[in-house]
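Just so we're on the same page: letters track the sequence lines, and every chain starts at 1.
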Amino acid sequence: MPELPEVETIARGVNKWVRDDRIVDVWLANHPALFKTPATRQAKGLEGRVFLSVHRTGKHIVCELGPVLLAPRSKHVAQPVSDAQWIVHLGMTGRLLVTTPEAPVAAHTHVRLGLSSGRELRFVDPRRFGRLEFRDLARSEAFAASGAEPLTISSEEFASLFRGRRLPIKAALLNQTLLSGVGNIYADESLFHAGIRPRRSSGRLTKAELERLRLALRQVLEQAIRLGGSSVSDYVDADGVRGFFQLEHCVYLRTGLPCRRCQTPIRRILLAGRGTHFCPICQR
DNA sequence: CATTTCACCTGGTGGC
DNA sequence: TGCCACCAGGTGAAAT
C-alpha cells in the first residue's frame with residue numbers, strides 16, 4: 001500500500017489520535033522477522049511510554065516517545081523531549097489503525113497497543129513485509145532516512161543524484177538511498193507527467209528533463225497527499241478511510257487503456273522487477 | 001563499485 | 001469447484 005503520500009496520510013491520522021496517549025498494554029505476534037528490534041526488547045521498551053508526536057520520514061512512520069515517568073502536559077511544563085522512537089515501515093500491505101478495543105480484530109493483526117485513552121493502535125500486515133523497530137535514544141542515534149526528501153529537494157541536488165549513472169531513471173527513482181518515499185505508483189505517474197520514458201538512462205537526461213521530473217514528482221505527491229493517497233486494493237488510512245488518488249492515475253495499472261492525453265493504449269513492461277506503465281507517445 | 005535478480009509472504013483474479 | 005499461473009504499494013542480500 002504505502003508510498004510517501006499514503007505513509008504521510010497514515011502518520012497524520014495516527015498523530016491526531018495518539019498524541020499524548022500512554023501505552024498501557026503491548027501485544028506482539030510471534031513473527032520474529034517483523035521485529036528489527038527483538039520482540040521482547042521492543043515490548044519492554046514501548047510499555048508505559050507516551051506518544052509525543054507521530055510523523056513521516058521517507059516511507060517510515062516515526063513515533064516520538066517520551067519517558068515512562070512523565071507528568072501530563074501543562075502550560076507550565078516545557079515540551080517533553082523524545083527519548084525513544086518506534087519506527088514502523090508498512091512494507092507492501094501493512095496498515096496502522098486506531099480502533100476501539102472491541103473492534104473485530106482483522107486477520108494478520110501482528111501488534112496491538114492498548115492506550116490510556118481507551119483506544120487501541122493496531123498493526124495489520126498480511127504479507128509481513130513490514131518492519132518494526134524500537135530505538136532507545138540514550139543508546140542509539142535518532143532515525144534518519146538515507147535518501148533526500150522529494151517534496152523539498154532543490155534543482156541542483158536533484159540533478160546531482162543522477163549524474164554519471166547508467167541505470168534506468170525509473171530504477172533510480174525507486175532507489176531509497178537517492179530519494180526516500182517514491183515507490184512504483186508515483187515513479188510511473190511522475191515520469192508520465194514529465195514526458196520521460198522509464199527506461200531512459202538517468203545520467204543522460206537533460207537539465208530541462210530533470211527539472212520537469214522534479215516538479216512533476218512534487219506535484220503528483222502533493223496532490224496525492226491532498227486526496228488521502230491511492231487505494232489500489234485495500235489501502236486505508238488510520239481511520240479506515242480509503243484514499244482517492246487512484247482516480248487520478250494516468251498510467252499505473254492502466255495497461256491497454258487509452259492514454260488520458262492522446263488515447264494511445266498504455267503499455268506495460270518489466271523494469272527493475274516491477275510492472276512499469278507508460279504512454280509510448282507522450283513519453284520520450 | 002554499480003546494477004540486476006531473487007527471496008521473502010499472502011491473497012486476489014482469471015483461464016481452463 | 002479446483003488447480004494453476006500470474007500479479008500486487010517494498011527492500012535487502014546475493015549474484016553479476
Side-chain angles (χ1 to χ4, degrees), chain A residues 1-11 29-36 56-61 87-97 106-110 123-133 143 145-147 150 160-191 198-204 217 220-221 224-225 227-238 242-249 251-257 266-277:
Chain A
M1 90 171 73
E3 302 180 37
L4 188 152
E6 292 76 32
V7 177
E8 177 70 30
T9 302
I10 292 167
N30 182 25
H31 288 297
L34 281 173
F35 302 100
K36 279 183 83 170
R56 174 197 66 79
T57 298
K59 293 178 192 172
H60 295 262
I61 297 167
I87 301 138
V88 178
H89 192 291
L90 298 169
M92 202 93 120
T93 52
R95 310 187 207 175
L96 267 188
L97 292 167
H108 311 291
T109 298
H110 308 306
F123 172 71
V124 181
D125 184 10
R127 289 177 76 177
R128 305 203 300 274
F129 288 170
R131 291 293 176 265
L132 305 164
E133 182 183 359
F143 177 82
S146 40
S160 74
L161 294 177
F162 307 107
R163 205 163 291 144
R165 294 183 182 277
R166 312 177 65 96
L167 83 170
I169 184 58
K170 161 141 180 193
L173 287 174
L174 293 176
N175 181 340
Q176 302 297 298
T177 63
L178 299 177
L179 286 170
S180 39
V182 182
N184 209 31
I185 295 176
Y186 300 100
D188 281 4
E189 291 298 313
S190 61
L191 286 168
R199 277 213 221 269
R200 291 275 303 281
S201 160
S202 35
R204 297 211 185 108
L217 180 58
V220 161
L221 294 172
I225 291 171
L227 295 182
S230 298
S231 287
V232 169
S233 59
D234 58 358
Y235 159 74
V236 290
D237 69 14
R242 289 168 61 84
F244 292 94
F245 191 72
Q246 68 280 7
L247 304 175
E248 307 293 322
H249 291 175
V251 288
Y252 181 75
L253 289 190
R254 296 193 73 245
T255 312
L257 296 174
I266 297 303
R267 268 195 216 161
R268 179 183 185 277
I269 59 173
L270 211 57
L271 197 164
R274 317 295 302 279
T276 296
H277 316 78

In this structure, how many angstroms lie between the C1' atom of C/dG10 and the CG atom of A/L179, rounded? 16 Å
Sidechain-backbone polar pair: A/E6 side chain, A/S230 backbone, donor-acceptor under 3.5 Å: yes
Show me the protein contacts with nucleotides 11-13 of chain B, counting only N or O atoms at under 3.5 Å.
{"unit_1": "B/dG11", "atom_1": "OP1", "unit_2": "A/H108", "atom_2": "NE2", "d": "2.6"}

Classify the nucleic acid contact of A/S231 as base, sugar-phosphate or nothing, counting any heavy atom under 4.0 Å across all strands shown. base
I'd like the P distance from C/dA14 over to B/dC9, given in whole Å. 15 Å
Taking atom CZ as the centre, does A/R242 end up with more than 12 heavy-atom neighbours from other residues, nucleotides or ligands that are less than 6.0 angstrom away? yes
Please name all residues satisfying salt bridge (Lys or Arg N to Asp or Glu O under 4.0 Å) with A/E8, sequence neighbours left out, ordered by chain then number. A/R12, A/R56
Do the rings of A/H249 and A/Y186 sit parallel, tilted or perpendicular, given the 30° and 60° boundaries? perpendicular
Checking A/E189 side chain against A/V251 main chain: does a donor-acceptor pair fall under 3.5 Å? yes
How would DNA chain C look in dot-bracket form, 5' to 3', counting Watson-Crick and G-U wobble pairs with both distances under 3.5 Å and writing | for bases paired to another strand? .|||||||.|||||||
Over how many whole Å does the gap from A/R127 atom CZ to B/dC9 atom C1' extend? 6 Å
Between atom CG in A/N30 and atom P in B/dC9, what is the gap in whole Å? 13 Å
Are any of A/R128's side-chain N or O atoms less than 4.0 Å away from OP1 or OP2 of B/dC8? no
Compare the minimum distances between each of C/dA8, C/dT11, C/dG10 and the side chain of A/Q176, then state the nucleotide with the smallest one. C/dT11
Please list each protein N or O that sits under 3.5 Å from an N or O in nucleotides 1-5 of chain B, with the distance.
{"unit_1": "B/dT3", "atom_1": "OP1", "unit_2": "A/R166", "atom_2": "N", "d": "2.7"}
{"unit_1": "B/dT3", "atom_1": "OP1", "unit_2": "A/L167", "atom_2": "N", "d": "3.4"}
{"unit_1": "B/dT3", "atom_1": "OP2", "unit_2": "A/R165", "atom_2": "NH1", "d": "3.3"}

Between the main-chain N or O of A/V88 and the side-chain N or O of A/E133, is there a donor-acceptor pair closer than 3.5 Å? no
Applying salt bridge (Lys or Arg N to Asp or Glu O under 4.0 Å), name anything that partners A/D188, two or more places apart in sequence or on another chain. A/K170
Between the base of C/dT11 and the ring of A/F129 - centre-to-centre under 5.5 Å, planes within under 30° - is that a stack? no
Among residues at least two apart in sequence or on other chains, which ones pass side-chain contact (heavy atoms from CB on, under 4.5 Å) with A/L253? A/V232, A/H277
Taking CG from A/D125 and C1' from C/dG10, how many angstroms apart are they, rounded to a whole number? 11 Å
Check for a donor-acceptor pair, side chain of A/T93 on one end and backbone N or O of A/D125 on the other, with a separation under 3.5 Å. no
Given atom OH of A/Y252 and atom P of C/dG10, what is their separation to the nearest angstrom? 8 Å
Distance col, row A/L173:CG vs A/I169:CD1, nearest 0.5 angstrom, shows 4.5 Å
Aromatic ring centroids of A/Y252 and A/F245 under 6.0 Å? no
What is the nucleic acid contact for A/F245, judged by heavy atoms within less than 4.0 Å: base, sugar-phosphate only, or nothing? nothing
Rounded to whole Å, CZ of A/R274 lies from C1' of C/dC7 at a distance of 11 Å
Expressed in angstrom and rounded to an integer, what is the separation of A/L253 atom CG from B/dG14 atom C1'? 16 Å
Check whether any side-chain nitrogen or oxygen of A/H89 sits under 4.0 Å from OP1 or OP2 of C/dG10, and answer yes or no. no
So, taking the atom named CG in A/L178 and the one named CG in A/L167, what distance separates them when rounded to the nearest 0.5 Å? 7.5 Å
A/L34 CG to C/dG12 C1': how many Å, rounded? 16 Å
